[in-house]
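Just so you know, residue 1 is the first one in the sequence shown, and it goes up from there.
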Amino acid sequence: MRIDLHSHSTASDGQLTPTELMMRAAEKEVDVLALTDHDTLGGLEEAAVAAKNHGVRLINGVEISCLWQALEIHVVGLNITLDHEGLNRLLAEQQSRRESRAHLMAERLEKANFPGAYEGARALAGDAPITRTHMAKWLLSQGAADSIPKVFKKFISRGNTGYAPPNWCSLKEAIAAIQQAGGVAVLAHPTRYDLSNKWVRKMIVAFADAGGDAMEVSMGQQSPQERATLGEWSKEYNLAASVGSDFHFPSPWRELGRQLWLPKEGTPVWTRFI
């Protein structure tokens, strides 16, 4: 069975609609797919219809942005109840924070001779919450740099012109909201935060201490050693092991369901809901 528990659609910063995402999952022979858009459940209703039509088992999910030690980290919620009042209230607060941050980023970019950043990013986002990716795409269209990574590095990463610090919820708040909605709280891509191994372990400990359930062990573009190490750490800190491509758009280096196997050290998180 091919399982992928981390993906995005146009409901946040992905490039495929929820329907297109489910179609692609079927094409790539993914049996179980979690749609985990950033701080929103907006794509899940459409995804449920498409998943049924294409023979994919959909896991209702979300990816919540959090602050830990002044760093932004992400927590994925899997198998959540969509109409839970507490979770929806937290996500509404998160989206309000996104709007405020986008306005502040736009103000700072205007001073750097890029007027209209908010309106440009909002047009790209449509009905979805604005993310830094939308801001980066708009800057790219304005000739700010010749690639999205360069836009991030030059303009909207920490310490640069258009960067605005986030004001996300805490780890504990995100985990509690997910669990109260009947879901499983998963630490997303723990080795993708540009931290040393020492700090990655500190983050995992903090996540476990806050009541987290699992951590992503298997990701795309990953060395066997990294996967084995994450599997060992998941066992050491009594966290189940999850798999996720973090798919945003079709590309040669990141695809739905590709190479998402667990090392022997990991206890699969999906045994809790499949």
Side-chain angles (χ1 to χ4, degrees), residues 2-65 74-84 87-88 91-92 94-96 98-99 102 118-141 147-149 151-152 181 183 186 188-189 216 219-220 242-258 260:
R2 185 168 292 180
I3 298 172
D4 190 339
L5 298 176
H6 190 160
S7 69
H8 299 275
S9 74
T10 51
S12 62
D13 60 351
Q15 289 187 8
L16 302 184
T17 66
T19 296
E20 292 168 339
L21 184 68
M22 295 304 138
M23 290 174 62
R24 191 169 187 87
E27 290 170 5
K28 299 301 178 181
E29 300 182 337
V30 175
D31 301 290
V32 180
L33 181 67
L35 176 55
T36 56
D37 278 312
H38 294 284
D39 297 310
T40 180
L41 309 178
L44 288 166
E45 185 175 348
E46 177 185 336
V49 175
K52 185 176 181 180
N53 290 339
H54 293 283
V56 177
R57 177 164 180 177
L58 174 68
I59 302 300
N60 290 331
V62 67
E63 184 172 11
I64 301 177
S65 299
H74 295 166
V75 177
V76 165
L78 298 174
N79 202 42
I80 53 176
T81 300
L82 301 189
D83 59 356
H84 186 269
L87 176 61
N88 280 280
L91 295 181
Q94 291 283 97
Q95 291 178 32
S96 177
R98 282 191 180 278
E99 281 290 310
Y118 175 82
E119 291 77 12
R122 170 45 65 204
L124 289 171
D127 294 330
I130 293 179
T131 68
R132 283 195 301 161
T133 299
H134 296 122
M135 197 70 73
K137 287 179 178 178
W138 180 82
L139 284 166
L140 184 67
S141 75
S147 70
I148 294 290
V151 169
F152 268 92
V186 183
H189 40 66
E216 287 183 353
M219 300 167 275
S242 190
V243 300
S245 63
D246 196 10
F247 178 89
H248 285 75
F249 54 87
S251 71
W253 55 88
R254 185 176 295 179
E255 186 55 82
L256 288 172
R258 181 184 291 170
L260 297 181

Out of curiosity, [X] [atom1] to [Y] [atom2], how far, rounded to the nearest 0.5 Å?
X     : Y     : atom1 : atom2 : value
Leu16 : Arg24 : CG    : CZ    : 6.5 Å
Asn79 : Asn60 : CG    : CG    : 7.5 Å
Leu58 : Leu44 : CG    : CG    : 6.0 Å
Leu87 : Leu82 : CG    : CG    : 8.5 Å
His8  : Leu35 : NE2   : CG    : 8.5 Å
Glu20 : Thr10 : CD    : OG1   : 7.0 Å

Are the side chains of [X] and [Y] in touch, meaning some heavy atoms are under 4.5 Å apart?
X      : Y      : value
Ile64  : Asp39  : yes
Leu41  : Asn88  : yes
Arg122 : Glu99  : yes
Arg98  : Ile130 : no

Taking it one step at a time, do Leu78 and Ser242 satisfy side chain to side chain contact (heavy atoms under 4.5 Å, CB included)? CA-CA 10 Å; Leu78 298 174; Ser242 190; 4.2 Å; yes
Looking at every non-hydrogen atom in both residues, tell me the closest pair between [X] and [Y] and how far apart they are.
X      : Y      : answer
Val76  : Glu63  : CG2-CG, 4.1 Å
Trp138 : Gly120 : CD1-CA, 3.2 Å
Ser245 : Asp4   : OG-OD2, 2.6 Å
Leu256 : Ser7   : CD2-CB, 4.1 Å
Ala11  : Gly42  : CB-C, 4.2 Å
Ala25  : Leu33  : CB-CD2, 3.8 Å

Could you tell me whether the side chain of [X] and the main chain of [Y] form a donor-acceptor pair under 3.5 Å?
X      : Y      : answer
His6   : Phe247 : no
Gln15  : Pro250 : no
Asp37  : Ser9   : yes
Glu216 : Val186 : no
Asp31  : Arg2   : yes

Distance-only polar pair, side chains of Asp13 and His134, donor-acceptor under 3.5 Å: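 No donor-acceptor contact under 3.5 Å links the two side chains.
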Measure up the His74 and His38 rings against each other and bin them: parallel (under 30°), tilted (30 to 60°), perpendicular (over 60°).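 Answer is perpendicular, since the angle exceeds 60°.
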Going through the checks in order, is the side chain to side chain contact (heavy atoms under 4.5 Å, CB included) test met by Thr40 and Gln95? CA-CA 8 Å; Thr40 180; Gln95 291 178 32; 3.7 Å; yes
Check the pair Leu260, Leu5 against side chain to side chain contact (heavy atoms under 4.5 Å, CB included), reporting the backbone distance first and the verdict last. CA-CA 10 Å; Leu260 297 181; Leu5 298 176; over 6 Å; no
Could you go step by step and tell me if Thr133 and Ile148 meet the side chain to side chain contact (heavy atoms under 4.5 Å, CB included) rule? CA-CA 8 Å; Thr133 299; Ile148 294 290; 5.5 Å; no
